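Atoms considered below: every heavy atom in the structure, side chains included; atoms not considered: hydrogens, waters and symmetry mates. Note that the structure is predicted; figures quoted are calculated from it, not measured.
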Amino acid sequence: WQRGDLAEAATRINGHFHRNIPADRYATFFLGRLHPHSGQLTYVNAGHNRPLLVGADGRWETLGEGGTAFGAFPDSSYREAQVDMRPDDILVVYSDGISDAWPEPGAADRELAEIVRGAGQGGAAQIEATIFEAVERRTPSLPRDDRTLVVVKREAETRSV
């Protein structure tokens, strides 16, 4: 999957998953490839929570292009999409253990975008910690084992003269 088309890779992964995992099981999946110099992010979302791309300018969008969860159907096909991550843009990929803290539809996206905006001047580790703190405040009694979070912040390139 490291080279070539991510949609084709996702199709192959799904086929392998479907052949080797019990029929009542499936997995959501987000597969992304970031080119660090151009900021181009190519991705496939296989039924996963739609990651957030929060811009340094405050705009945000969800990344949902892709297809169904792995293992659901043996012949699923996938579509890849591309977005540009500009310097200081932040990508947030999260599991339902994070989004379940906001049970209203769409609330997690809005609230997470606001949290990222508020913590955006910090690095990825600080943003991650701020999100985990917010989730813990909202749902202290829910299990923590499903709280998965990946935060990627594209830094501005510095060039020495």
Is there a path of hydrophobic side-chain contacts, each under 4.5 Å between heavy atoms of I, L, V, M, F, W or Y residues, that connects Ile131 with Leu52? yes

Give the C-alpha distance, both sets of side-chain angles, the deciding distance and a yes or no for salt bridge (charged side-chain N to carboxylate O under 4.0 Å, His left out) between Arg50 and Glu61. CA-CA 9 Å; Arg50 297 174 306 170; Glu61 65 182 293; over 6 Å; no

Give a yes-or-no answer on whether the side chains of Asn14 and His18 include a donor-acceptor pair shorter than 3.5 Å. no

I'd like to know if the side chain of Asp109 pairs up with that of Thr62 as donor and acceptor (distance under 3.5 Å, no hydrogens or angles considered). no

Take Asp88 and Ile90, measure what side chain to side chain contact (heavy atoms under 4.5 Å, CB included) needs, and give me the verdict at the end. CA-CA 6 Å; Asp88 295 323; Ile90 300 160; over 6 Å; no

Verify same cluster id: Val152, Ile127 (apolar side-chain graph, 4.5 Å): no

Can you sort out the partners of Tyr43 under ring pair (Phe, Tyr, Trp, His ring centres under 6.0 Å), two or more places apart, ordered by chain and number? Phe30

Please check if the number of heavy atoms outside Arg25 that lie under 6.0 Å from its CZ is greater than 12. no

Assess whether a salt bridge exists between Asp57 and Arg117, defined as any Lys/Arg side-chain N lying under 4.0 Å from an Asp/Glu carboxylate O. no

Examine Leu63 and Leu149 and state if one hydrophobic cluster contains both, with Ile, Leu, Val, Met, Phe, Trp and Tyr joined whenever side-chain heavy atoms are less than 4.5 Å apart. no

Cluster link Phe132 to Val92, ILVMFWY, side chain under 4.5 Å: yes

Would you indicate whether the side-chain heavy atoms of Leu53 and Asp89 approach each other to under 4.5 Å? yes

Show which side-chain atoms of residues 80-87 pair as donor or acceptor with protein atoms under 3.5 Å away, not counting sequence neighbours.
| from | atom 1 | to | atom 2 | distance (Å) |
| --- | --- | --- | --- | --- |
| Glu80 | OE1 | Leu6 | N | 2.8 |
| Glu80 | OE1 | Ala7 | N | 3.4 |
| Gln82 | OE1 | Gln40 | NE2 | 3.1 |
| Gln82 | NE2 | Thr42 | OG1 | 3.4 |

Under 4.5 Å between side-chain heavy atoms, hopping through other hydrophobics if needed: is there a path connecting Leu31 to Phe17? yes

